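Before any comments, here is the structure.
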Amino acid sequence: MLSKPNPSSTTLYAASEELESHAVRFIMAHKLIEREVIELKFDEMPEEVLELNPCETLPTLFDRGMVLYDLSVIMEYLDERFPFPPLLPVDPIEKAEKRLLIYRFTRSEGCWYELVNKILHGAKKESDAARKTLHGNLIELLPLFSHKPYFKSETMTLVDVCIAPILWRLNLLGISLDGKKAKPIMEYANRLFEKEGFHESLTFAEKDFN
């Protein structure tokens with residue numbers, strides 16, 4: 001049985017192999033946030049966590065007596081609560097653009113996170129179709145991966161934080177981006193994997209994905 005989190009600590013309840021949990025762990029490790037990370041399974045969430053998050057979702061963040069359980073809300077909260085290094089621009093127009101990209105990749109219908117879920121957990125026909133779509137999306141955005149060091153940015157942002165867990169799982173997803181054509185994506189991926197905290201953010205299971 002889990003005990004309820006200490007009100008003075010920052011506690012993350014997370015799934016060990018899930019994209020959203022990985023993205024939040026990456027932020028926390030990158031910003032060197034003192035934290036407790038508790039790995040859970042979706043179908044085995046204890047009452048102590050369900051009392052905090054009635055939506056029964058992971059990741060769930062507990063900090064300063066507050067409970068957060070939406071990916072975008074968690075990410076922006078952590079970026080403002082622990083402002084260095086910043087992961088969103090100050091300019092409201094640029095910030096809005098990044099928020100739309102995060103929505104596009106993680107929340108919109110047919111988004112990349114949804115495609116990953118279908119590849120890993122869907123029936124074969126659905127999985128194959130999702131794999132083809134995700135591969136096509138990555139190739140289609142090649143110019144954006146090569147235009148700047150990070151996705152439409154000179155510095156890493158929350159958009160990159162959301163993309164990194166997908167790129168780390170390409171082998172697991174059965175997606176090959178070998179060859180000269182895909183070189184910008186792989187160079188971009190390596191920049192993310194080399195960022196401070198990325199490898200620290202990996203769970204034991206995730207280390208075997210790449």
Side-chain angles (χ1 to χ4, degrees), residues 1-83 85 87-88 99 102-103 105-107 111-121 156-173 189 192-193 195-210:
M1 177 178 289
L2 294 175
S3 59
K4 291 189 177 181
N6 186 331
S8 64
S9 69
T10 300
T11 303
L12 177 70
Y13 299 100
S16 62
E17 302 179 28
E18 182 254 349
L19 291 174
E20 294 190 9
S21 293
H22 188 181
V24 176
R25 287 196 305 272
F26 185 14
I27 294 172
M28 298 180 87
H30 182 67
K31 288 176 173 283
L32 304 178
I33 298 171
E34 291 188 14
R35 64 207 179 272
E36 180 181 11
V37 178
I38 300 173
E39 292 184 27
L40 300 174
K41 294 182 179 180
F42 284 98
D43 57 352
E44 298 179 3
M45 292 175 65
E47 283 297 323
E48 291 83 350
V49 179
L50 296 179
E51 288 178 10
L52 298 172
N53 178 1
C55 293
E56 302 183 21
T57 56
L58 296 173
T60 296
L61 180 73
F62 186 93
D63 186 54
R64 290 182 169 180
M66 180 171 57
V67 183
L68 302 175
Y69 41 84
D70 174 82
L71 177 61
S72 293
V73 173
I74 291 173
M75 291 195 302
E76 291 202 35
Y77 171 77
L78 289 173
D79 195 44
E80 293 178 355
R81 166 97 157 81
F82 305 93
L87 292 173
L88 276 179
R99 284 171 170 158
I102 291 168
Y103 175 78
F105 293 142
T106 69
R107 283 291 184 269
C111 70
W112 289 6
Y113 276 35
E114 181 181 309
L115 291 173
V116 168
N117 186 60
K118 287 181 179 179
I119 293 170
L120 295 177
H121 304 294
M156 190 173 81
T157 71
L158 293 180
V159 177
D160 305 293
V161 168
C162 292
I163 296 174
I166 297 176
L167 298 182
W168 183 254
R169 288 162 170 74
L170 289 182
N171 289 337
L172 178 70
L173 299 173
L192 296 179
F193 302 159
K195 296 297 287 187
E196 182 172 8
F198 181 81
H199 284 275
E200 185 184 343
S201 76
L202 298 172
T203 63
F204 183 79
E206 288 169 338
K207 291 178 180 179
D208 293 332
F209 290 170
N210 191 284

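Every heavy atom of this structure was used, including side-chain atoms; hydrogens, water molecules and symmetry mates were not. Note that the structure is a prediction, hence the values are computed from the model and not measured.
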What residues, two or more places apart in sequence or in another chain, satisfy side-chain hydrogen bond (donor to acceptor under 3.5 Å, both in side chains) together with [X]?
X	value
E80	none
W168	none
R169	H22, E206
T57	N53

Drop me the distance from [X]'s [atom1] to [Y]'s [atom2], to the nearest 0.5 angstrom.
X	Y	atom1	atom2	result
L88	L158	CG	CG	4.0 Å
L12	L78	CG	CG	8.0 Å
D208	N171	CG	CG	11.5 Å
I74	M28	CD1	CE	9.0 Å
T10	R64	OG1	CZ	8.0 Å
I27	I33	CD1	CD1	8.0 Å

Looking at side-chain heavy atoms only, is the closest gap between [X] and [Y] below 4.5 Å?
X	Y	result
L172	L120	yes
Y113	I166	yes
C162	M75	yes
M156	L192	yes

What residues form a salt bridge (Lys or Arg N to Asp or Glu O under 4.0 Å) with K31, not counting sequence neighbours?
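D79.
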Only pairs at least two apart or in different chains count here, so list each salt bridge (Lys or Arg N to Asp or Glu O under 4.0 Å) that has a residue in residues 68-77.
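Found D70-R107, E76-R99.
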Checking E18 now: which residues fulfil side chain to side chain contact (heavy atoms under 4.5 Å, CB included) with it, not counting sequence neighbours?
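Expected list: A15, E20, S21, F42, P59.
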By side chain to side chain contact (heavy atoms under 4.5 Å, CB included) - contacts of E56 (at least two apart)
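By the side chain to side chain contact (heavy atoms under 4.5 Å, CB included) rule, E56 matches L50.
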Return the minimal non-hydrogen interatomic distance between [X] and [Y], and the atom names on each side.
X	Y	answer
R25	S201	NE-O, 2.9 Å
A189	L167	CB-CD1, 3.8 Å
A23	P165	N-CG, 4.0 Å

Could you tell me if the ring centre of F198 sits under 6.0 Å from that of F26?
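Distance test on ring centres: under 6.0 Å, yes.
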Excluding sequence neighbours, so at least two apart, what forms ring-ring contact (aromatic ring centres under 6.0 Å, His included) with Y103?
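If we apply the ring-ring contact (aromatic ring centres under 6.0 Å, His included) test to Y103, skipping adjacent residues, there are no hits.
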Partners of Y77 by ring-ring contact (aromatic ring centres under 6.0 Å, His included), sequence neighbours excluded?
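With neighbours one apart ignored, the set is empty.
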